[in-house]
Novice: 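Would you mind keeping the following structure in view while I ask a few things?
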Amino acid sequence: MDWDDECRTPEYDRLLQQFAANVRDLLPLDDINKISDRDMLRRFLVARKNDLKEAEAMLRKYMAWRKQHNVNNVMYETFSTDFVKYHPGGIHGVDRKGFPVYYQRPEAKGLSYMLEHYTQDQLMRWHVHVMERSRERGGLGTAPWAGPVLPTCWMSASSLCRCSPTATP
C-alpha cells in the first residue's frame, strides 16, 4: 500500500476530519500555493505519522512562520541579479520516484561575494522565493514536503558540509 492508497481509507478520512476540526481556526489555510486545505492537512498528518497533536503543532508553527515572514508575497518581490549570478539554484526536474530535486551550484567566490553584500535574512528570503516559485509552477505541488526552509549551510566549493537545522553561515 503506497502513500496515496493509505490516505484513501474511511479510517484515514475520519482522522483527517478530526484534524480539520482541531485546526478550524486556521481554515482556510493562508497559503496561496496550496493544492487544497485537505491536501495540506494530509501532508502534515503524514509528516507526523498520523499523530494528531504533533501534526497540529507542526501546522500551527508552519502557518505562524509563513505569516511572520510574509511568505505569500515573497514571489512578487524583486531580487538583485546577483542572486541568480552568484548563487544559482532551483527545481531541476524530478527523481526516480517523481519528487522534485532542488539543486544549487554555489561557488566559493560567489558565496563570499553574497555573504559580504547581503544579510542572512536576504539570503533566506531568496531561498524562500525560489521554493515558492517552484510550488507555484507545480515543482513541489505533489511532493510530500511541508515546513519552513532550514538555515542554509554555506560551504566552499572544495569542502563537504553536513547541514543540520542549527547550521549557520
Side-chain angles (χ1 to χ4, degrees), residues 23 25-37 39-48 53-95 97-169:
V23 297
D25 59 303
L26 296 177
L27 299 175
L29 298 173
D30 188 22
D31 182 340
I32 62 172
N33 286 322
K34 68 185 175 193
I35 294 172
S36 68
D37 284 342
D39 176 71
M40 288 291 288
L41 295 176
R42 184 175 75 164
R43 290 168 189 253
F44 282 89
L45 275 175
V46 168
R48 291 296 167 226
K53 286 186 178 185
E54 287 187 22
E56 180 179 347
M58 184 182 184
L59 178 62
R60 288 186 183 284
K61 187 175 179 181
Y62 171 74
M63 295 310 295
W65 178 86
R66 286 188 67 87
K67 184 176 183 177
Q68 176 187 357
H69 295 284
N70 197 19
V71 174
N72 280 346
N73 293 317
V74 72
M75 293 186 312
Y76 309 110
E77 294 175 16
T78 55
F79 291 86
S80 166
T81 56
D82 288 348
F83 285 92
V84 174
K85 181 178 178 181
Y86 293 111
H87 199 50
I91 301 296
H92 291 273
V94 295
D95 67 12
K97 292 183 178 182
F99 297 119
V101 175
Y102 182 76
Y103 178 78
Q104 287 184 317
R105 190 163 184 232
E107 297 177 6
K109 185 178 178 181
L111 289 176
S112 295
Y113 176 86
M114 294 301 286
L115 289 171
E116 288 173 19
H117 291 87
Y118 298 97
T119 66
Q120 184 176 1
D121 287 342
Q122 289 171 313
L123 296 169
M124 277 300 289
R125 196 103 180 121
W126 167 251
H127 282 282
V128 172
H129 171 82
V130 170
M131 297 301 282
E132 288 296 304
R133 292 298 277 181
S134 298
R135 288 181 68 210
E136 176 189 45
R137 295 176 182 152
L140 293 174
T142 58
W145 175 86
V149 178
L150 297 175
T152 305
C153 182
W154 298 98
M155 64 180 186
S156 71
S158 61
S159 68
L160 278 178
C161 177
R162 295 189 188 271
C163 295
S164 71
T166 57
T168 56

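Worth saying up front: this structure is predicted, and the values here are computed from it rather than measured.
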Novice: Hey, what's the ring geometry for Tyr62 with Trp65, parallel, tilted or perpendicular (30° and 60° as the breaks)?
Specialist: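 Parallel: the ring planes of Tyr62 and Trp65 meet at under 30°.
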Novice: In sequence, state the C-alpha distance, the side-chain angles, and the governing distance for Val71 and Ile32, and then conclude on side chain to side chain contact (heavy atoms under 4.5 Å, CB included).
Specialist: CA-CA 9 Å; Val71 174; Ile32 62 172; over 6 Å; no
Novice: Do the ring planes of Trp126 and Phe79 sit parallel (below 30°), tilted (30 to 60°) or perpendicular (above 60°)?
Specialist: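 Because their plane-to-plane angle is over 60°, the rings of Trp126 and Phe79 count as perpendicular.
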Novice: Can you tell me how far apart CG (Asp30) and NZ (Lys67) are? Round to the nearest 0.5 Å.
Specialist: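 So the gap between those two atoms works out to 8.5 Å.
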Novice: Rounded to the nearest 0.5 Å, what separates atom OH in Tyr113 from atom CG in Leu111?
Specialist: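 It comes to 13.0 Å.
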Novice: Go through it in stages, so that I can follow the logic: the residues are Arg43 and Ile35, the test is side chain to side chain contact (heavy atoms under 4.5 Å, CB included), and I'd like the CA-CA distance, side-chain angles, deciding distance and then a yes or no.
Specialist: CA-CA 11 Å; Arg43 290 168 189 253; Ile35 294 172; 3.6 Å; yes
Novice: Would you give the length of the straight line joining atom CG of Asn72 to atom CZ of Arg66, rounded to the nearest 0.5 angstrom?
Specialist: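 Here the interatomic distance stands at 5.0 Å.
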Novice: Considering non-hydrogen atoms only, spot the tightest contact between Glu132 and Met75 and give its length.
Specialist: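 Between these two residues, the closest heavy atoms are O-SD, 3.4 Å.
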Novice: Is Asp82 paired with Lys85 through a side-chain N to carboxylate O contact shorter than 4.0 Å?
Specialist: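 So Lys85 does not pair with Asp82 through a salt bridge.
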Novice: Can you name the closest pair of heavy atoms from Met114 and Leu123 and give their distance?
Specialist: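 That closest heavy-atom pairing would be CE-CD2, 3.7 Å.
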Novice: Please examine the side chains of Ser80 and Gln122, heavy atoms only from C-beta on, and report whether any two atoms are closer than 4.5 Å.
Specialist: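 Result no, sub-4.5 Å side-chain heavy-atom pair not found.
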Novice: Go through it in stages, so that I can follow the logic: the residues are Val128 and His69, the test is side chain to side chain contact (heavy atoms under 4.5 Å, CB included), and I'd like the CA-CA distance, side-chain angles, deciding distance and then a yes or no.
Specialist: CA-CA 10 Å; Val128 172; His69 295 284; over 6 Å; no
Novice: Under 4.5 Å between any side-chain heavy atoms of Asp25 and Arg60, yes or no?
Specialist: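 Side-chain contact under 4.5 Å: yes.
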Novice: For the pair Asp121 and Arg125, find out whether any cationic side-chain nitrogen is under 4.0 Å from an anionic carboxylate oxygen.
Specialist: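 Here Asp121 does not pair with Arg125 in a salt bridge, since their nearest N and O are not under 4.0 Å apart.
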Novice: How many angstroms lie between CG in Asp37 and CZ in Arg42, if you round to the nearest 0.5 Å?
Specialist: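 The CG atom of Asp37 sits 13.0 Å away from the CZ atom of Arg42.
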Novice: Kindly compute the distance separating CG (Leu41) from CG (Leu26), expressed to the nearest 0.5 Å.
Specialist: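 If I round to the nearest 0.5 Å, the distance is 9.0 Å.
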Novice: Determine the minimum heavy-atom distance between Val23 and Glu56, stating which atoms define it.
Specialist: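 The answer is CG1-CG, 3.6 Å.
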Novice: Report the distance from atom CD of Glu54 to atom CG of Leu59, rounding to the nearest 0.5 Å.
Specialist: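 Answer for the CD-CG pair, Glu54 versus Leu59, is 13.5 Å.
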